[in-house]
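Every number for a ligand or one of its atoms is a count from 1 in the order of the listing. Numbers here simply count residues along the sequence, with the first being 1. These figures come from a predicted structure and were not determined experimentally.
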Amino acid sequence: MKKIDVFILSGFLGSGKTTLLGNIIKQEKAAERRIAVLMNELGRISLDSYLIEEGIPLKELYDGCICCTLQDKVEVQLHDLLADPNLDAIYIETTGAAHPVEVLDAIMSPLLADKLNYKGILTVVDLLRWSSRDTLSPQIRQLLLEQIYHADLILLNKTDLVSELEAAQRLFEIQSLNSKASILLTKNAEMSLKQISQMNLHPKEEHSMANMGHQLKLQTILYEFTNEISQTSFEDWIKELPQTVYRMKGFIQLKQYQKPVLFQYSYGTPLYMPQEMKLPLKLVIIGEELDTERIHQNLQKIENQS
Ligand SMILES: Nc1nc2c(ncn2[C@@H]2O[C@H](COP(=O)(O)OP(=O)(O)OP(=O)(O)O)[C@@H](O)[C@H]2O)c(=O)[nH]1
C-alpha cells in the first residue's frame with residue numbers, strides 16, 4: 001500500500017512557518033506532486049487564500065492546539081485527506097505553541113499509522129526572536145529549545161534582520177543544541193525541496209551518532225498484534241522500556257476483556273479504556289533511540305506466551 005509522506009512544520013509564533021509552507025507548495029506543484037495541508041492555528045480564523053486557489057486540499061483546525069484540545073479532530077481530518085488516492089504528501093503547520101512530540105503523538109493514530117510515512121520535523125527559528133530569547137518566559141524559552149531539539153531540518157529565518165556575523169554566531173549556537181539536524185540560514189524561508197528530502201537520508205549514521213551522545217530524531221514504530229495478550233506480561237514489558245519511549249497508544253486485546261481496549265501511555269503511566277467495537281490491534285510507539293527489532297521481538301514473545 002502506498003504510504004503518504006508526512007512533514008511537521010514547527011516553530012514559534014511569527015517565525016515564518018506559513019511563508020515556508022507557501023514556498024513548499026509552489027515547489028511541490030512544480031514537481032507535480034499532489035500534497036495536502038493541515039493547518040492548526042490558535043484562535044485565528046483567517047487563512048491564506050492562495051492555498052485554496054492553487055487547488056491544494058486544505059484542512060484547518062482552529063481555536064486550540066493539535067497537541068491538546070484538538071487531538072481527536074486531527075485523526076478525522078487526516079482520514080479525510082487520505083481518501084485522495086493520488087496524494088503524495090501532507091504538510092502539517094502547527095501552532096507556534098505546539099510541542100513537536102505532542103504533535104507527532106496526535107497525528108500517529110493507530111488507525112492511520114500504516115498509511116503514513118512520517119518524514120520529519122522542519123523547525124523555523126526567527127533569528128531576532130532567538131537573539132532576544134532572554135526576554136521570554138522560561139516556559140517559552142523551553143518550548144523554543146524543544147522545537148530546535150526535535151527538528152530534522154532547521155531554518156534560521158529572517159537573516160535580513162541581523163548582521164552576517166550575528167547569523168553565523170546563532171548558527172553555531174543552534175548547531176551545538178542539535179548537531180544532527182541540517183541548518184539553513186534563510187530569508188523569507190526560502191529553501192529547496194531537495195534540502196527537505198536530504199534531511200532523512202542518513203538513518204544509519206544517526207544511529208551510530210547516538211552512541212556518541214548526539215541527539216536522535218523522533219521515531220515511530222507500528223506493531224500489529226494478531227493475538228490477545230496477558231496484561232501482566234504487557235506491563236512487565238512496559239516497565240523494562242527505556243525512558244526514550246515518550247508515548248504509546250493503540251488498540252490491544254487483553255485476555256480478560258471481550259473487546260479491544262484503547263491503550264494510552266505517557267510518562268510511565270499505562271491507561272486502558274474498553275472499546276465498544278472490534279478495532280484493528282495496532283500499537284504505535286513514539287520515542288528516540290528505539291530498537292525497532294527488539295521491540296517487535298519482545299511484543300511477539302508476549303503474544304506467543306498468551
Ligand atoms: N523581515 C522578514 N520577515 C519575514 C521573513 N520571513 C517571514 N517574514 C514575515 O514574518 C511574518 C510572520 O511570518 P509567517 O510565515 O506568517 O509566520 P508563522 O510562523 O506562520 O506565524 P504564526 O502563524 O503566527 O505562528 C510575516 O509578516 C512574514 O512576511 C524574513 O525572512 N524576513
Side-chain angles (χ1 to χ4, degrees), residues 7-28 35-54 56 58-70 74 77 90-100 102-104 106-107 120-133 135-137 139-171 174 181-193 195-196:
F7 298 88
I8 296 173
L9 308 190
S10 141
F12 196 63
L13 295 164
S15 56
K17 297 179 294 297
T18 310
T19 311
L20 171 64
L21 189 58
N23 294 339
I24 289 173
I25 288 171
K26 271 193 217 120
Q27 294 181 58
E28 288 279 24
I35 68 155
V37 170
L38 181 63
M39 276 184 129
N40 181 207
E41 306 268 2
L42 281 175
R44 212 168 73 184
I45 309 289
S46 70
L47 74 99
D48 298 288
S49 57
Y50 67 91
L51 292 173
I52 292 181
E53 280 164 26
E54 298 196 15
I56 304 290
L58 171 73
K59 294 278 177 192
E60 298 154 277
L61 289 164
Y62 285 118
D63 216 12
C65 183
I66 292 181
C67 59
C68 29
T69 50
L70 300 176
V74 178
Q77 304 277 38
I90 299 175
Y91 286 87
I92 300 178
E93 183 184 341
T94 62
T95 74
H99 187 299
E102 313 275 341
V103 175
L104 183 58
I107 62 170
I121 295 172
L122 284 71
T123 292
V124 188
V125 177
D126 178 332
L127 275 168
L128 258 193
R129 164 93 57 196
W130 177 257
S131 301
S132 60
R133 64 192 179 285
T135 59
L136 301 169
S137 72
Q139 289 85 351
I140 298 290
R141 273 210 303 275
Q142 186 58 33
L143 180 64
L144 288 184
L145 284 173
E146 297 282 338
Q147 291 174 342
I148 290 167
Y149 175 78
H150 291 292
D152 298 286
L153 176 67
I154 301 172
L155 276 73
L156 294 186
N157 196 33
K158 309 198 182 181
T159 48
D160 54 315
L161 301 183
V162 298
S163 69
E164 264 183 42
L165 177 64
E166 167 136 26
Q169 281 169 343
R170 302 305 169 203
L171 177 87
I174 290 191
S182 314
I183 304 186
L184 308 172
L185 284 165
T186 59
K187 184 177 160 216
N188 294 321
E190 274 164 15
M191 38 61 64
S192 69
L193 283 187
Q195 287 164 318
I196 295 187

Between atom OG of Ser131 and atom CZ of Arg170, what is the distance when rounded to the nearest 0.5 Å? 4.0 Å
Option with minimal heavy-atom separation from atom 8 (N) of ligand 1, where the choices are Glu190, Lys187, Lys158: Lys158
May I ask whether Gly11 places a heavy atom under 4.0 Å from ligand 1? no
Salt bridge (Lys or Arg N to Asp or Glu O under 4.0 Å) with Lys17: which residues, sequence neighbours excluded? none
Ligand-residue contact atoms, ligand 1 with Glu93, heavy atoms, under 4.0 Å: 20 (O), 23 (O)
So is there a nitrogen or oxygen of Leu161 less than 3.5 Å from a nitrogen or oxygen in ligand 1? no
Please indicate whether any nitrogen or oxygen in Gly16 is less than 3.5 Å from any nitrogen or oxygen in ligand 1. yes
Ile25 vs Tyr91, side-chain contact (heavy atoms from CB on, under 4.5 Å): CA-CA, chis, key distance, verdict: CA-CA 9 Å; Ile25 288 171; Tyr91 286 87; over 6 Å; no
Look only at interatomic distance and state if Ser15 has a nitrogen or oxygen under 3.5 Å from any nitrogen or oxygen of ligand 1. yes
For Ser15 and Val125, work out which heavy atoms get closest and say how close. CB-C, 4.3 Å
Tell me if a side-chain donor or acceptor on Thr19 pairs with a main-chain N or O of Ala189 at a distance below 3.5 Å. no
Do any nitrogen or oxygen atoms of Thr159 lie less than 3.5 angstrom from nitrogen or oxygen atoms of ligand 1? no
So for Asp160 against ligand 1, with non-hydrogen atoms under 4.0 Å, the contacting part is side chain
Name the residue from Asp126, Thr186, Leu127 that meets the side-chain contact (heavy atoms from CB on, under 4.5 Å) definition with Leu156. Leu127
